[in-house]
J.: 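First the structure, which I've put down as structure tokens, then a few questions once you've had a look.
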Amino acid sequence: GNSRGLYKSTDGGATWITRTKQNAVLSTRRFCDSCCIPVEGLHDMSISLAEINVNHGGDILAEFAAANELDKPAFRLLKPSELFSLPPRQMLVENLLAVGDFAIPYSEPNLGKTAVVIDFATCCISGQTFAGEFDIPSPLTVLYCAGEGGGGLPARFKAAFARHNITAAEEERLTISTSVPQLFKPSGDGMAQLIDDYKAARGDKLDILIIDTLHSASYSANENSSQDAGVMLREIKLAQRELGCAVILVHHAGKGGNGERGSTAFRGAADGVWEITRDGKRLVFRCSKAKDLPPFPDLSFSLIAKGDSV
């Protein structure tokens, strides 16, 4: 919740500033120039943002306050007229996915959910219609995080690229991570680290983040616990807020294929839930939930061999 920053002065002093709601704590510790051992005690003083002045390190605090938006309200409060004047929902994929959405595709094992998601990502980066049904108004940037089947990943993407005739310029819109962020009790491998790494490598522009799968991104969590699910959903919201992206979280079906495995909190939070199931020799892409969009009709498909994959 709190923010903090270090400002080191030219005379060997260092100032830690820790942000709370409306105050900043100015902590000054003196360090020896040669060994960095503190030679004076630590002194804290709480300074109201309204009272910042030069004598209290106002330049430093003002810079910190501006960088961390300390004056920004925690809640955005709107009048009805302001609500009605908000810009319309921007669709990334027509009738399927909007900016900032959270969607869950799921299936039983070995029914091709990863193949479907990779085909979806490939259509997104090229702006091609997905599944012959969903138009993509303009090419999108995608970050795909693979937690399962890493050995077959190159062949799968090569097959999808060959199927859709992807160009070198279109490839540049796709970033692949060979690991997934841990959404529950991360230790240097969580969503915040993924966000930092993506921004360092690619900048702030991201349209869609795909995490494949929830199971691989939640090793220490209890999938059936709504409390644990709440922790992981906060990590999803962090990505949506910091990157401005939609998030697709690939999941497994429960026993017998009746819905998703684990807590229903994920379904409750999702804007869309897409089921992949079998109908005889063919597979079906089915709308299981559409929060603010009309449900799309069942779409039948088959997996087609291409090179060393499908």
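Sequence positions, counted from 1, serve as the residue numbers for this chain. The figures that follow rest on heavy atoms only: side chains count, while hydrogens, waters and symmetry mates do not.
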J.: Does one hydrophobic cluster hold both Leu96 and Leu293, with members joined at side-chain heavy-atom distances below 4.5 Å?
T.: no

J.: Please check: side-chain N/O of Ser225 versus main-chain N/O of Asp228, any donor-acceptor pairing under 3.5 Å?
T.: yes

J.: Apply side chain to side chain contact (heavy atoms under 4.5 Å, CB included) to residues Ser288 and Tyr106 and explain how you reach the verdict.
T.: CA-CA 10 Å; Ser288 183; Tyr106 76 95; 4.1 Å; yes

J.: Check whether any side-chain N or O of Lys289 sits under 3.5 Å from a backbone N or O of Ala270 as a donor-acceptor pair, and report yes or no.
T.: yes

J.: Between Val117 and Tyr144, does a side chain to side chain contact (heavy atoms under 4.5 Å, CB included) hold up when you go through it step by step?
T.: CA-CA 9 Å; Val117 170; Tyr144 176 86; 4.0 Å; yes

J.: Do the side chain of Thr264 and the main chain of Arg267 share a donor and acceptor less than 3.5 angstrom apart?
T.: no

J.: May I ask you to test the Cys145-Pro181 pair for a side-chain heavy-atom distance under 4.5 Å?
T.: yes

J.: Relative to each other, are the rings of Phe134 and Phe130 parallel, tilted or perpendicular (30° and 60° limits)?
T.: parallel

J.: Do Leu153 and Ile118 come within less than 4.5 Å of each other through their side chains, counting heavy atoms only?
T.: yes

J.: Taking all non-hydrogen atoms of both residues, which atom of Ser263 and which atom of Ala229 are closest, and how far apart?
T.: OG-CB, 4.0 Å

J.: Can Phe296 be reached from Val284 by stepping across I, L, V, M, F, W or Y side chains whose heavy atoms are under 4.5 Å apart?
T.: no

J.: Give me the atom names and distance for the closest heavy-atom approach of Leu303 to Phe301.
T.: CD2-CE1, 4.0 Å

J.: So do Val116 and Lys113 actually touch side chain to side chain, heavy atoms under 4.5 Å?
T.: no

J.: Indicate yes or no for a side-chain donor-acceptor contact from Asn222 to the backbone of Asn224 under 3.5 Å, with no hydrogens or angles considered.
T.: yes

J.: Is atom CZ of Arg163 surrounded by more than 12 heavy atoms (other residues, nucleotides or ligands) closer than 6.0 Å?
T.: no

J.: Can you tell if the side chain of Met191 reaches within under 4.5 Å of the side chain of Val247, non-hydrogen atoms only?
T.: no

J.: Keeping Arg173 on the side-chain end and Thr122 on the backbone end, is there a donor-acceptor pair under 3.5 Å?
T.: no

J.: Without swapping roles, check the side chain of Asp135 against the backbone of Thr129 for a donor-acceptor pair under 3.5 Å.
T.: no

J.: To the nearest 0.5 Å, tell me how far Phe157 CZ sits from Ile176 CD1.
T.: 4.0 Å

J.: With side chains defined as the heavy atoms from C-beta onward, is the minimum distance between Val93 and Phe120 less than 4.5 Å?
T.: yes

J.: Counting only heavy atoms not in Glu82 (residues, nucleotides, ligands), do more than 12 fall under 6.0 Å from its CD?
T.: yes

J.: Does any non-hydrogen side-chain atom of Leu143 lie less than 4.5 Å from one of Leu194?
T.: yes

J.: Output, in order, the C-alpha distance, side-chain angles, deciding distance and verdict of side chain to side chain contact (heavy atoms under 4.5 Å, CB included) for Val250 and Ile210.
T.: CA-CA 7 Å; Val250 183; Ile210 300 174; 4.3 Å; yes

J.: For Tyr198 and Lys205, indicate whether the former's side chain and the latter's backbone hold a donor-acceptor pair under 3.5 Å.
T.: yes

J.: Does Met232 reach the side chain of Leu249, with side-chain heavy atoms less than 4.5 Å apart?
T.: no

J.: Going through the checks in order, is the side chain to side chain contact (heavy atoms under 4.5 Å, CB included) test met by Thr175 and Leu206?
T.: CA-CA 10 Å; Thr175 304; Leu206 181 64; over 6 Å; no

J.: Give, for atom SG of Cys123 and atom CD1 of Ile166, the distance between the pair rounded to the nearest 0.5 Å.
T.: 7.5 Å

J.: Return yes if some donor-acceptor pair links the side-chain N/O of Gln240 with the main-chain N/O of Gly100 below 3.5 Å, else return no.
T.: yes

J.: For Lys185, does the NZ atom sit with more than 12 other heavy atoms under 6.0 Å from it, leaving out its own atoms?
T.: no

J.: Just checking, is any N or O donor in the side chain of His251 or Glu260 under 3.5 Å from an acceptor N or O on the other one?
T.: no

J.: Could you measure the distance from the CG atom of Leu233 to the NZ atom of Lys237? Nearest 0.5 Å is fine.
T.: 7.5 Å

J.: Is there a donor-acceptor pair closer than 3.5 Å between any side-chain N or O of Asp298 and the backbone N or O of Arg286?
T.: no

J.: With distance as the sole test, does Gln182 use its side chain to make a donor-acceptor pair with the main-chain N or O of Ser216 at under 3.5 Å?
T.: yes

J.: Would you find more than 12 non-hydrogen atoms of other residues, nucleotides or ligands less than 6.0 Å from Arg76 atom CZ?
T.: no

J.: Can you name the closest pair of heavy atoms from Ala217 and Ile211 and give their distance?
T.: CB-CG2, 4.0 Å

J.: Looking at side-chain heavy atoms only, is the closest gap between Val99 and Leu92 below 4.5 Å?
T.: yes

